[in-house]
Student: 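The structure under discussion is supplied below as structure tokens; questions concerning it will follow.
FYI, the numbering just counts along the sequence from 1.
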Amino acid sequence: MDFPLPKTRKINADSITTQEEKASTSSSPLTHSSPYDVFLSFRGVDTRNNFTGHLLTYLAQKGIKTFIDDEELRKGEEISSALLKAIEGSKISIVIFSENYASSRWCLDELVKILHCKELKQQLVWPVFYKVDPSDVRYQNGKYGEALAKHECRFKENMDKVQKWRLALRDAANLSGWTFLDGHEANFISKIAEEISAQVSKRSYLNVAKYPIGIESRVQDMLKLLDVGGSDVRMVGIWGIGGLGKTTIAKAVYNSIAHKFEGCCFLGNVRAESVPHRGLVQLQNNLLCEILGGREIKITDADRGIQVIRERLGNKRVLLVLDDVNELNQLDKLAGELDWFGCGSRIIITTRDKRLLIAHQVYPIYKAKELDDDEARNLLILNAFKKNKNLDECVKFPIDTAVLYAHGLPLAINILGSLLCDKSINQWHAALDSYRRFPNSDIQKVLETSYDALEYPLKQAFLDIACFLKGKDKDYVMQALDDSYLNPVHAIEVLEEKALVNAETGQIWMHDIAGGNGKRNSS
């Protein structure tokens, strides 16, 4: 059987390239990590060839991306925009206060920018007092006092600038850091590198999606519900059928707001991870270890773990994501009450079962949306054609047929795109015809998880709807199910809560793939 060629808009290489470039070059924290892990601020004449040079070597050995400026190449009175961007794009700034640090106006401007990013983006800033007394930096004594006095003479017409430098030195000197006056320098550097490595790992972004089509708008919807910055503790649910991108949305939201919290944890695959013996205990340990910065706490009992979480996190502003929850017990053990967490905390829960969220009093609930046709088409093209710009034959491909088959499910579109990549037009026709007759197994595995969790009578109701009643009026469906084995009101309510059917329009609908195109493939 051959599909007719789609009667749709012409697809050209330029539009596809634009979409790909948007997906791959975005600097948004939703999808990409920072350009640098560490920014080093230092006075070159003091430490470039000793302390700073050795620290850079240690960090490079640990695979840490470090920005180090070549002070000798600087020109002009102001630091460059590239340097400012490097500071903004780094997770951590290390400020090495050496004897002559304050004599450099560039170093002082860097410091002002670094502290600004600390406040604005919650970046981590660590001072290192290298053969300098922290009090000299804090109160501008000794060499620091001399340097600032010279700056005041030079900038008589701009004393506000010098005052900003003084305040920055004071504020930075009050931060927790390291002091080295004398001793074994290699050991000192090694300890700093270890701590930086641990923090970089903790602050790493989650991988979201190869092509983040449609994610940004959904993240914005979630941010409105989360209202980050408020003093209340809030749990927000993300609910929908499998393969709809709930985890992807949660990861993107996590990346965009994690820096605003004192501690963060993304617990993925809660459903699967809690199944093994003592799985919930391990999840509790993971949660505490992530949020408390790698400090290991050995919980051996889940009920004891509840108390430990409450005690350790009750005064801490945290971001916690519980991904793919399928039992109320998981919520009870990992995020039982709002008062387990400090003011301003946010807990995000993804699930296929709306009833769990309601029972745990999780409000508001965000219903994950399917991709619209344009989003689905762009995602399919990116997956199927990769970087190929020679798409003259693209208009002949049944792209819209594939989009119609996937029905807005990102999972289905990604799988179809990879399977159809580098295929001829005849192979596209054959593959899509095959999937219409018998759905792809990789897609079905994800969707069948919700079906398999149903009790036997509900499975029968689902199959009856899929085979005979899809698209019928709700009252008609309830009447048809009334002569069977269960209460039809309860049956439809449960199937709706598990995102397996939709009755919002007064008719009973389900996703075409989830329904197996009306065939009892799941029986």
Side-chain angles (χ1 to χ4, degrees), residues 30 208-209 212-228 234-254 256-257 268 270-271 320-328 330-331 335 346-376 379 406-414 443 446-451 453-454 458 462 465 470-471 474 490-515:
L30 304 184
V208 175
I213 301 297
I215 293 177
E216 182 69 40
S217 63
R218 288 153 179 82
V219 169
Q220 292 304 316
D221 291 340
M222 276 292 295
L223 292 180
K224 292 175 184 176
L225 300 180
L226 287 165
D227 187 27
V228 176
R234 186 173 302 192
M235 294 188 185
V236 177
I238 303 178
W239 164 67
I241 193 172
L244 200 53
K246 301 181 296 297
T247 300
T248 301
I249 296 169
K251 286 180 176 180
V253 171
Y254 181 93
S256 68
I257 63 175
V270 170
R271 172 174 55 86
L320 172 62
V321 178
L322 303 177
D323 173 54
D324 196 19
V325 172
N326 73 323
E327 293 182 4
L328 193 59
Q330 296 159 357
L331 294 177
R346 295 293 183 266
I347 296 88
I348 300 171
I349 301 160
T350 78
T351 183
R352 305 179 186 204
D353 192 344
K354 188 177 182 181
R355 173 51 45 185
L356 293 180
L357 300 175
I358 295 172
H360 201 63
Q361 296 186 307
V362 176
Y363 300 104
I365 298 172
Y366 175 70
K367 184 178 181 181
K369 298 181 293 187
E370 297 169 342
L371 297 177
D372 64 33
D373 286 348
D374 285 338
E375 291 170 336
L379 184 58
H407 204 69
L409 276 188
L411 167 78
I413 295 166
N414 285 329
I443 300 173
V446 174
L447 298 175
E448 284 177 3
T449 300
S450 297
Y451 171 83
L454 296 173
L458 287 169
F462 174 82
I465 294 172
K470 184 167 59 176
K474 183 176 180 180
H490 174 72
I492 293 175
E493 182 180 286
V494 172
L495 293 176
E496 277 194 280
E497 289 174 345
K498 293 185 180 297
L500 288 170
V501 303
N502 186 327
E504 290 178 355
T505 63
Q507 297 173 310
I508 303 295
W509 293 100
M510 63 175 58
H511 198 286
D512 287 338
I513 301 178

Student: Provide the closest heavy-atom pair for D372 versus E375 in the form atom of the first, atom of the second, distance.
Tutor: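 D372 and E375 have their closest heavy atoms at OD1-N, 2.7 Å.
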Student: Do R218 and L371 come within less than 4.5 Å of each other through their side chains, counting heavy atoms only?
Tutor: yes
Student: Closest approach of I215 and A209, non-hydrogen atoms and distance?
Tutor: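 Taking every non-hydrogen atom into account, CD1-CB, 3.9 Å.
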Student: Between D221 and K369, does the side chain to side chain contact (heavy atoms under 4.5 Å, CB included) criterion hold? Intermediate values first, please.
Tutor: CA-CA 11 Å; D221 291 340; K369 298 181 293 187; 3.1 Å; yes
Student: Is there side-chain contact between E493 and R355, with heavy atoms separated by less than 4.5 Å?
Tutor: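 E493 vs R355: side chains touch.
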Student: How close do L244 and A368 get, counting heavy atoms only, and between which atoms?
Tutor: CD2-O, 3.1 Å
Student: Using modelled atom types and a 3.5 Å cut-off, is there a donor and acceptor pairing between side-chain atoms of H360 and backbone atoms of A335?
Tutor: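 At least one qualifying donor-acceptor pair exists.
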Student: Under 4.5 Å between any side-chain heavy atoms of T248 and P410, yes or no?
Tutor: no
Student: Can you check whether L454 reaches K498 side chain to side chain, under 4.5 Å on heavy atoms?
Tutor: yes
Student: Would you compute the distance between atom CD of Q220 and atom CG of L225 and round it to the nearest 0.5 angstrom?
Tutor: 11.5 Å
Student: Rounded to the nearest 0.5 Å, how far does OH of Y366 lie from CG of L223?
Tutor: 10.5 Å
Student: Using the rule given for side chain to side chain contact (heavy atoms under 4.5 Å, CB included), can you reason through L328 versus L356, listing the C-alpha separation, both sets of side-chain angles and the distance that settles it, and then say yes or no?
Tutor: CA-CA 6 Å; L328 193 59; L356 293 180; 4.1 Å; yes
Student: Nearest heavy-atom pair of R234 and P364: which atoms, and what distance?
Tutor: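 That would be CD-CD, 4.4 Å.
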Student: Do the side chains of Y254 and I348 get nearer than 4.5 Å, heavy atoms only?
Tutor: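 Sidechains of Y254 and I348: no contact.
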Student: Nearest 0.5 angstrom please: E216 CD to S256 OG, how far?
Tutor: 8.0 Å
Student: With a 4.5 Å cut-off on side-chain heavy atoms, are I241 and L409 touching?
Tutor: yes
Student: Measuring from atom CG of L331 to atom CG of N326, what distance do you get when rounded to the nearest 0.5 angstrom?
Tutor: 9.5 Å
Student: Looking only at heavy atoms, which two atoms of V362 and I365 are closest? And how far apart?
Tutor: O-CG1, 3.4 Å
Student: Please round to the nearest 0.5 Å and tell me the distance separating atom CG of D323 and atom NZ of K246.
Tutor: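 Here the rounded value is 8.5 Å.
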Student: Identify the heavy atoms of V325 and T351 that sit nearest to each other, and give their distance.
Tutor: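 V325 and T351 have their closest heavy atoms at O-OG1, 2.6 Å.
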Student: Rounded to the nearest 0.5 Å, what's the gap from OG1 on T247 to CD1 on I238? Could you check?
Tutor: 8.5 Å
Student: Who pairs with R352 by salt bridge (charged side-chain N to carboxylate O under 4.0 Å, His left out), at least two apart in sequence or on another chain?
Tutor: none
Student: Please check if the side chain of R346 supplies one atom and the backbone of D227 the other of a donor-acceptor pair under 3.5 Å.
Tutor: yes
Student: Taking the side chain as every heavy atom from C-beta outward, state whether L379 and N414 have any pair of such atoms under 4.5 Å apart.
Tutor: yes
Student: Are the side chains of W239 and T350 in touch, meaning some heavy atoms are under 4.5 Å apart?
Tutor: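 Contact flag for W239/T350 side chains = no.
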